[in-house]
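What follows is a set of notes on a single structure, which appears directly below.
For the numbers below, each heavy atom of this structure counts, side chains included, while hydrogens, waters and symmetry mates do not. Throughout, protein chains are lettered first and strands after them, A, B, ... in sequence-line order, and every chain is numbered starting at 1.
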Amino acid sequence: MREYADELLESLNTAQRAAVVHGAGPLLVLAGPGSGKTRVITHRAAYLVERGVQPENILAITFTNKAAREMRDRLHDLRVSHGMWICTYHALCLRLMRIYAESCGVDPGFTIYDDADQKTLVKKAYELCDVATEVVPIDLARWAISNAKNRLETPEQLEQAAEDHKDELIAELYATYQVLLERNNAVDFDDLLMRVARLLREQPEVAQRLNQRFQYLLIDEYQDTNHAQYEIARRLSEHHQNICATGDPDQSIYAWRGADIRNILRFEQDYADATVVRLEQNYRSYQHILRTADRLIAVNRDRKPKTLWSERGDGPPVAVWRFGHGNVECEHIAQAIGQQHAEGRAFSDFAILYRINALSRGLEAALRARRIPYRIARGVAFYNRKEIRDALAYLSAIANPDDTVAFARAIATPPRGIGNTTLQRLLAYADRTGKSFTTVMRHCDQAEVKGAPARRVRAFEREIAKWQQAAGSETVSSLVRRVIDESGLAKHYSGAESGGEDRQANLDELVTSAVRYEEDMIDDSEASLTDFLQMVSLVSDQDAVDEDSGCVMLMTLHTAKGLEFPVVFIVGLEQGMLPHDRALGLEAESNSLEEERRLCFVGITRAQEQAVLTTTQERLLRGKPRALSRSQFLVEMDDPDSVEWSDFGLGMTGRFGGGSRFGGSSRRFGHDTADLWEDGGADELAGLDSDATSFDFGAGAPADEDAARSPAVDDQPGASGAARRRKRSSLQDHDEPVFSLDDETEMARRSRPADRRSDVVNAYQDWSPGMLVRHPSYGIGSLVLIQRGPQTRARIKFPGEGEKTFVLELSPIERVQV
DNA sequence: AGCAAGATGCTTTTT
DNA sequence: GCATCTTGCT
């Protein structure tokens with residue numbers, strides 16, 4: 001009879017198998033993109049269990065909650081479920097801090113401050129230290145404090161290392177900020193790591209006990225660990241040395257927030273006799289994609305060479321699209337997605353990636369105008385809404401009577417006749433005496449708050465006390481409901497003022513999330529308000545990436561790490577965007593430029609079948625037009641064999657600035673590519689004019705408004721491909737662009753040859769082998785083979801160039817009229 | 001105390 | 001372009 005352990009090794013390649021069967025002792029798995037890393041980790045965990053290791057003796061640390069969830073699911077499929085700790089570094093530290101609260105110097109009911117709360121408190125430190133933000137920019141101080149914490153440095157150490165007055169001020173701010181955190185019984189994200197790292201370092205007996213508990217460590221994305229995380233991993237594996245780290249130095253993209261690529265590079269020195277396994281076979285992408293990514297990353301000097309290989313076919317070349325303006329870029333991408341969807345591709349097959357969140361706006365508008373369902377990976381967005389933050393402030397105030405940041409927020413909304421003067425007096429008194437805010441409110445006359453305001457303050461305090469009592473006897477969800485209703489928040493946000501209904505719905509959603517939290521709790525007794533709030537604060541963007549939402553996914557390149565999609569668009573490949581300005585500064589120099597390159601590498605390697613990179617000559621940035629030149633990365637990765645350039649409406653700069661109102665005139669994009677190729681010089685641009693006028697900017701108001709009324713998400717994920725197609729085509733009928741019959745535009749439209757306005761649904765229906773086509777750089781060729789499917793692929797023979805394969809929707813190929 | 005209009009500054013990426 | 005902060009008015 002075959003053992004289950006053998007079954008676990010099936011369908012693994014030699015390297016993967018070596019990593020899975022590796023027993024005790026340090027193991028480093030260097031895993032290139034798409035090399036089946038997650039499979040290896042999960043199979044390794046399951047294999048260990050199968051060989052007699054107890055699940056509760058295994059600790060798996062991931063970078064995101066989503067990765068943790070995925071791993072848990074996969075392990076469940078592999079029949080390993082309970083007992084194993086699978087969590088992020090931050091969640092791990094949270095749990096340890098709760099257990100060892102006293103040793104960590106916190107009260108277990110502490111609040112976790114997010115970015116915004118942290119900023120509030122740092123500002124307060126500025127006031128207390130009498131430092132002006134003009135002298136030390138607030139973000140500089142925040143960055144410096146965060147860095148110090150990552151390196152486990154105290155304010156005193158920072159002060160000793162200070163080189164100038166500014167550094168001294170920062171050290172002072174850090175010290176004050178820490179005191180404020182303590183007084184509020186709060187920690188920030190960095191504290192979670194720092195305090196646990198210190199705990200393990202300073203209390204060897206705790207470290208020892210945890211070594212016994214967690215006999216095997218599995219750590220994902222090791223290249224992204226910062227010093228504190230590195231220290232934690234080391235201490236937790238000090239005695240048994242059973243640490244399995246996986247990662248890829250070429251995908252290290254978090255150095256800017258303290259991640260140290262050296263942690264992975266020196267693994268072999270840190271752990272004597274470490275076994276190193278390299279996973280170099282890629283199962284994800286076609287060759288053209290892989291080779292292009294490889295060519296780009298090979299430019300980095302600070303790197304260990306690595307050979308990525310694949311048994312998959314060439315696939316279509318990587319496409320580079322050049323546009324005159326960011327608006328055209330968005331329109332064209334939306335159009336291409338619409339077209340491919342009409343041919344049977346699911347919307348969820350597409351991802352659009354960008355360097356900075358600000359670039360999502362135009363894309364959203366273009367997708368909405370075409371009624372293409374999309375989702376933005378922004379998990380925190382929900383918890384960042386005003387009404388949600390307000391509700392959470394009430395809850396934090398109930399759970400943690402020292403949390404003045406929460407009280408200050410709660411007391412102000414809805415307005416209850418307690419203004420800033422009163423609040424400041426209360427806060428000042430709390431600061432002076434160190435009493436909890438509830439106590440201060442109860443005795444507010446001592447804080448010089450008298451008369452009517454005093455009555456209101458005491459009334460507010462009584463309400464909080466009432467809820468605190470309720471918190472002890474009812475479920476979290478019913479408390480959340482009660483607080484939202486009784487605080488007056490529900491009423492306050494019910495007004496017909498903009499988005500009142502949405503806000504109500506969001507507040508309801510918060511209650512739902514509390515219900516879901518209770519359901520997820522295995523042991524009911526563990527569900528507590530504090531725990532719920534702490535969990536909520538560790539939610540991140542990546543967690544909002546849904547597997548099969550039936551939507552096009554939009555996200556930053558950072559968020560995309562670890563994901564894969566059949567078709568990937570990376571927009572904004574321009575100097576200043578990708579690589580970003582901050583990486584191009586003289587002082588930043590090569591290190592950050594190399595990180596930008598890795599970021600681009602991560603982006604390209606997300607693509608399974610098709611990668612499209614776009615670049616524009618101009619785009620709106622912060623509301624102002626900005627001229628841009630193409631990214632150096634495009635040049636570095638270029639190769640005529642695997643990268644194909646297309647130009648769309650180059651030189652159309654300036655004239656169309658201003659906004660997203662251009663109607664759903666999809667047909668006017670697509671295959672009417674300009675006949676210019678290389679660096680569209682000014683003389684070549686002349687021929688573009690007629691095309692340029694056909695773009696109809698600013699004239700599509702009716703279509704735009706129509707789109708605004710329709711929901712962004714209208715696709716049914718469950719529907720079969722055929723059903724979806726049918727639904728789509730019926731939609732298409734209604735979706736017929738409502739042209740505003742602006743004279744100029746309509747004339748431009750008519751003046752174009754009919755065949756160049758290819759029909760979206762029946763595109764290429766009449767294309768057949770033998771037909772002549774034109775490619776802007778290869779010239780005239782003949783169609784050898786046409787393959788219809790999710791993408792229409794065509795094999796075309798060019799005299800002197802040989803045969804090449806194209807995805808027609810993505811290439812600038814035109815039919816030649818005979 | 002509370003609100004509204006105007007001024008300011010800011011955007012890289014995230015647990 | 002947006003969100004946040006400041007100012008000034010009721």
Side-chain angles (χ1 to χ4, degrees), chain A residues 61-68 87-94 112-116 118-120 123 133-134 137-139 143 146 149-150 187-194 221 224-226 228-229 252-259 353-362 365 377-380 384-386 411-423 451-453 456 497 534-544 555-561 572 576-585 588 592 595-596 598-600 602-603 620-625 657-660:
Chain A
I61 307 177
T62 61
F63 225 62
T64 65
N65 294 305
K66 184 179 175 280
C87 53
T88 63
Y89 264 108
H90 292 265
L92 168 70
C93 292
L94 172 60
I112 300 171
Y113 276 177
D114 68 6
D115 245 36
Q118 191 245 18
K119 196 170 179 178
T120 309
K123 275 183 195 161
T133 49
E134 288 79 36
I138 190 149
D139 284 333
W143 180 82
S146 172
K149 289 185 176 185
N150 287 162
V187 299
D188 62 22
F189 289 133
D190 299 317
D191 277 332
L192 288 170
L193 303 176
M194 179 182 75
E221 310 282 16
D224 283 331
T225 49
N226 64 30
Q229 290 164 327
S252 156
I253 53 174
Y254 287 109
W256 55 273
R257 66 172 220 216
L353 313 179
Y354 34 78
R355 180 65 237 264
I356 59 169
N357 274 309
L359 288 191
S360 75
R361 200 166 312 245
R378 242 193 260 128
V380 287
N384 267 338
R385 296 198 157 98
K386 224 177 282 153
I411 218 166
T413 329
R416 48 168 59 77
I418 304 171
N420 209 262
T421 325
T422 307
L423 179 62
R456 295 181 191 129
E497 47 47 281
Q534 290 178 343
M535 186 213 68
V536 158
S537 51
L538 293 184
V539 169
S540 84
D541 279 5
Q542 272 219 336
D543 305 332
M555 69 190 87
T556 64
L557 285 159
H558 283 89
T559 309
K561 195 176 70 167
M577 289 298 325
L578 182 63
H580 192 269
D581 274 329
R582 295 274 261 256
L584 290 170
S592 47
E595 178 150 315
E596 296 289 302
R598 290 193 291 268
L599 193 53
C600 191
V602 166
L620 287 181
L621 240 43
R622 280 188 221 162
K624 293 253 167 291
S660 53

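Atom pair A/Leu620:CG and B/dT11:P shows a separation of 19 Å (rounding to whole Å applied). For the pair A/Glu134 CD and B/dG9 C1', the interatomic distance rounds to 12 Å; values are reported in whole Å. As a whole-Å value, the separation of A/Ile138 CD1 from B/dG9 P is 13 Å. Between the CG atom of A/Asp114 and the P atom of B/dT15 there is a distance of 12 Å, rounded to whole Å. Straight-line distance from the CG atom of A/Asn150 to the P atom of B/dT14: 16 Å, rounded to whole Å. Distance A/Arg622 CZ to C/dT4 P: 17 Å, rounded to the nearest Å. The NZ-C1' distance, from A/Lys119 to C/dT4, rounds to 9 Å in whole Å. With rounding to whole Å, A/Leu599 atom CG is found 13 Å from B/dT14 atom C1'.
Using a 4.0 Å heavy-atom cutoff across all strands shown, A/Lys123 reaches sugar-phosphate atoms only and no base atom. A/Leu557 comes within 4.0 angstrom of nothing in the nucleic acid, heavy atoms only. Contact annotation for A/Asp115: base contact, defined as any heavy-atom pair under 4.0 Å involving a base atom. As judged by a 4.0 angstrom heavy-atom cut-off over every strand, A/Thr421 is placed among residues touching the sugar-phosphate backbone only. A/Phe63 comes within 4.0 angstrom of sugar-phosphate atoms only, judged by non-hydrogen atoms across all strands, and of no base.
With B/dT11, B/dA1, B/dT14 as the candidates, the nucleotide lying closest to the side chain of A/Thr422 is B/dA1. Set against B/dT11, B/dT14, B/dT15, the side chain of A/Ile356 has B/dT11 as its closest nucleotide. Counting only heavy atoms from C-beta on, A/Tyr254 has its side chain closest to B/dT14 among B/dT15, B/dT14, B/dC3. For A/Arg361, the listed nucleotide lying nearest its side chain is C/dC2; candidates were B/dT11, B/dC3, C/dC2. Nearest nucleotide to the A/His90 side chain, out of B/dT15, B/dT14, B/dT11: B/dT15. Side chain of A/Asn357, nearest nucleotide from B/dT13, B/dT15, B/dC10: B/dT13.
With both ends at atom C1', the span from B/dT11 to C/dT6 equals 22 Å, rounded to whole Å. Taking the P atoms as reference points, C/dT4 lies 15 Å from B/dT13, given to the whole Å.
Stacking of A/Trp256 onto the six-membered ring of B/dT13 is present: less than 5.5 angstrom between centres, less than 30° between planes.
A/His90 and A/Gln229 make their closest contact through NE2-NE2, 4.4 Å (heavy atoms, listed as atom of the first residue, atom of the second, distance). Smallest separation of non-hydrogen atoms from A/Tyr254 and A/Glu595: N-OE2, 3.6 Å. Of all non-hydrogen atoms in A/Asp224 and A/Ser252, the two that sit nearest each other are OD1-CA, 3.6 Å. Minimum heavy-atom separation, A/Thr422 to A/Pro453: OG1-CB, 3.9 Å. Residues A/Thr88 and A/Asn65 approach most closely at CG2-N, 3.4 Å, considering heavy atoms. In this structure, A/Ser146 and A/Asp190 approach most closely via the heavy-atom pair OG-OD2, 2.9 Å.
Residue A/Asn420 places none of its side-chain N or O atoms closer than 4.0 Å to OP1 or OP2 of B/dA1. At the phosphate of B/dG2, neither OP1 nor OP2 sits under 4.0 Å from any side-chain N or O atom of A/Arg416. Neither OP1 nor OP2 of B/dT14 sits under 4.0 Å from any side-chain N or O of A/Thr64. For the OP1/OP2 pair of B/dT14 and a distance below 4.0 Å, the side-chain nitrogens and oxygens of A/Thr556 include at least one atom meeting the criterion.
Qualifying side chain to side chain donor-acceptor pair (under 3.5 Å) partners for A/Asn226, counting only residues two or more places apart in sequence or in other chains: none.
If you check distances only, the side chain of A/Arg257 does reach the base of B/dT14 with a donor-acceptor pair under 3.5 Å.
Remark on DNA chain B: of its neighbouring residues A/Ser537 and A/Arg456, the 5'-side contact belongs to A/Arg456, judged by nearest-heavy-atom nucleotide. Nearer to the 5' terminus of DNA chain B, by closest-nucleotide assignment, is the contact made by A/Pro415 (compared with the other of A/Glu596 and A/Pro415).
Taken from CZ in A/Arg456 to CZ in A/Arg416, the straight-line distance is 11.0 Å, to the nearest 0.5 Å. Note that NE2 of A/His558 and CD1 of A/Ile356 are 12.5 Å apart. Values are rounded to the nearest 0.5 Å.
DNA chain B forms stems at B:1-10 with C:1-10, each a run of 3 or more consecutive Watson-Crick or G-U wobble pairs whose two key distances fall under 3.5 Å.
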